[in-house]
Amino acid sequence: MRILLIEDDPETAAYVTRGLRENGHTVDHAPDGREGLFLAGSEKYDLAIVDRMLPEMDGLTVVKMLRSVDVKFPILFLSNLSGLDERVEGLNAGGDDYLTKPFAFSELLARINALLRRPPLSSNQTILRVGELEMDLVKHTVKRGKDNIILQPREFRVLEFLMRNAGQVVTRTMLLEGVWDYHFDPKTNIVETHISRLRAKIDKGYKTELIQTIRGAGYSIRAATPAL
């Protein structure tokens with residue numbers, strides 16, 4: 001995949017560029033917002049990584065301008081600004097995800113892969129499906145086959161997050177940020193507890209388990225072939 005990195009810090013840019021190239025991606029680097037905007041508008045990319053604080057033109061302005069001319073590729077913000085307001089501001093500007101510095105490259109790569117492989121979700125799509133599991137985002141209902149599944153609001157949000165990233169690894173950190181808006185580890189088993197409750201409601205009594213634990217990485221929801 002071809003990725004545009006807009007980052008003014010040389011060490012961060014070198015670290016990210018090297019890691020992405022080692023994982024098979026092509027990377028173009030822009031050291032400031034104006035050059036990044038020019039490259040994004042003149043070249044074809046699969047994804048952009050944009051720092052919030054940039055010289056010449058800040059990251060928020062870059063992303064807003066790209067979205068205003070209907071540039072659709074996924075955009076991941078990087079930032080030292082870790083507050084909830086800053087994260088919301090970045091997402092409202094047109095970002096698809098937001099990662100705060102400092103970060104582990106494995107976390108960055110997991111988020112990039114989720115964005116690159118995520119099936120496009122159109123603005124009018126209201127149904128998510130994974131195998132025989134169906135979620136209606138308007139009616140706020142969940143079914144597995146013909147069975148209605150009753151979920152608490154937070155359980156619904158966790159399942160929605162998993163289903164929007166179906167087939168991909170979702171880390172504990174991604175769930176904490178995406179569902180609870182936590183930018184720190186609360187040192188509790190809140191994620192594990194909700195995953196356990198979902199499994200009891202989604203998978204118990206069925207031949208196949210849709211929610212899977214990826215040892216050392218996180219969780220994934222995916223359709224599976226029933227066991228014989």
Side-chain angles (χ1 to χ4, degrees), residues 1-54 56-82 86-123 125 128 161-171 173-175 177-178 217-218 220:
M1 296 292 181
R2 189 176 183 187
I3 296 175
L4 172 63
L5 173 63
I6 310 176
E7 170 62 65
D8 64 313
D9 180 68
E11 291 185 5
T12 301
Y15 171 65
V16 172
T17 298
R18 181 174 62 254
L20 291 177
R21 287 175 177 167
E22 288 175 353
N23 280 273
H25 298 291
T26 299
V27 182
D28 292 340
H29 171 231
D32 61 68
R34 291 192 183 279
E35 183 175 341
L37 181 64
F38 172 78
L39 287 175
S42 59
E43 302 289 340
K44 185 176 180 180
Y45 294 100
D46 299 291
L47 178 140
I49 303 171
V50 182
D51 187 20
R52 277 284 300 263
M53 309 298 290
L54 292 167
E56 303 295 333
M57 181 182 295
D58 67 90
L60 283 178
T61 301
V62 170
V63 172
K64 287 178 180 177
M65 293 185 69
L66 289 174
R67 295 311 191 206
S68 72
V69 294
D70 207 30
V71 171
K72 296 184 181 300
F73 55 66
I75 296 175
L76 170 64
F77 272 112
L78 293 180
S79 181
N80 288 312
L81 303 175
S82 59
E86 286 84 8
R87 181 174 181 272
V88 170
E89 187 178 26
L91 297 176
N92 286 338
D96 296 278
D97 202 353
Y98 196 104
L99 182 61
T100 57
K101 300 177 181 179
F103 55 87
F105 184 78
S106 58
E107 175 75 5
L108 174 65
L109 188 62
R111 290 171 181 264
I112 288 172
N113 288 338
L115 290 173
L116 287 174
R117 298 174 183 173
R118 180 187 301 170
L121 187 64
S122 64
S123 59
Q125 184 175 353
L128 301 177
F161 196 96
L162 291 172
M163 293 182 73
R164 286 185 182 274
N165 295 281
Q168 308 306 314
V169 176
V170 174
T171 68
T173 299
M174 291 167 69
L175 285 169
E177 292 187 357
S220 181

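Owing to the predicted nature of the structure, the values given are computational and were not obtained by experimental measurement.
The neighbour count for Met65 CE, taken as heavy atoms of other residues, nucleotides or ligands under 6.0 Å away, does not exceed 12. Residue Met53 qualifies as open at atom CE: its count of foreign heavy atoms under 6.0 Å is 12 or below. Within 6.0 Å of atom CD in Glu43, more than 12 heavy atoms from other residues, nucleotides or ligands are found, so the atom counts as buried in its surroundings.
A salt bridge links Asp96 and Arg67; the closest N-O separation between the charged side-chain nitrogens and carboxylate oxygens is under 4.0 Å.
No side-chain heavy atom of Leu5 sits under 4.5 Å from any side-chain heavy atom of His25. For the pair Ile49 and Leu99, the minimum side-chain heavy-atom distance is 4.5 Å or more. Between Met174 and Arg111, the closest side-chain pair of non-hydrogen atoms falls below 4.5 Å. Between Leu76 and Leu108, some side-chain heavy-atom pair lies under the 4.5 Å cut-off. The side-chain heavy atoms of Asn23 and Ile112, taken from C-beta on, include no pair separated by under 4.5 Å. Annotation: side chain of Leu39 is in contact with side chain of Tyr45 (closest heavy-atom distance under 4.5 Å). Looking only at side-chain heavy atoms (C-beta outward), Val16 and Glu7 stay at 4.5 Å or farther from each other.
Ring-plane geometry between Tyr15 and Phe105 is classed as perpendicular, the angle between the planes exceeding 60 degrees on a 0 to 90 degree scale with a lower cut at 30.
The shortest non-hydrogen separation linking Val169 to Ala217 is CG1-CB, 3.8 Å. Here the shortest heavy-atom pairing between Leu78 and Lys101 reads CB-CE, 4.0 Å. The shortest heavy-atom contact between Leu66 and Ala40 is CD2-CB, 3.6 Å. Scanning all heavy atoms of the two residues, the minimum distance from Pro74 to Asp46 falls at CD-O, 3.1 Å. The shortest non-hydrogen separation linking Glu35 to His29 is OE2-O, 4.1 Å. Scanning both residues, Phe73 and Ala48, for their nearest heavy atoms gives CE1-CB, 3.5 Å.
To the nearest 0.5 angstrom, Glu177 atom CD is 8.5 Å from Phe161 atom CZ. With rounding to the nearest 0.5 Å, the separation of CD in Glu56 from CG in Asp32 is 5.0 Å.
When the options Asp8, Leu60, Leu37 are evaluated for a side chain to side chain contact (heavy atoms under 4.5 Å, CB included) with Leu54, the one that passes is Asp8. Of the options Asp51, Ile75, Ile6, a side chain to side chain contact (heavy atoms under 4.5 Å, CB included) to Val62 is made by Ile6 and by none of the others.
For the pair Tyr98 (side chain) and Ser79 (backbone), a donor-acceptor distance under 3.5 Å is absent. Side-chain N or O atoms of Asp9 include one that pairs as donor or acceptor with a backbone N or O of Thr12 at under 3.5 Å.
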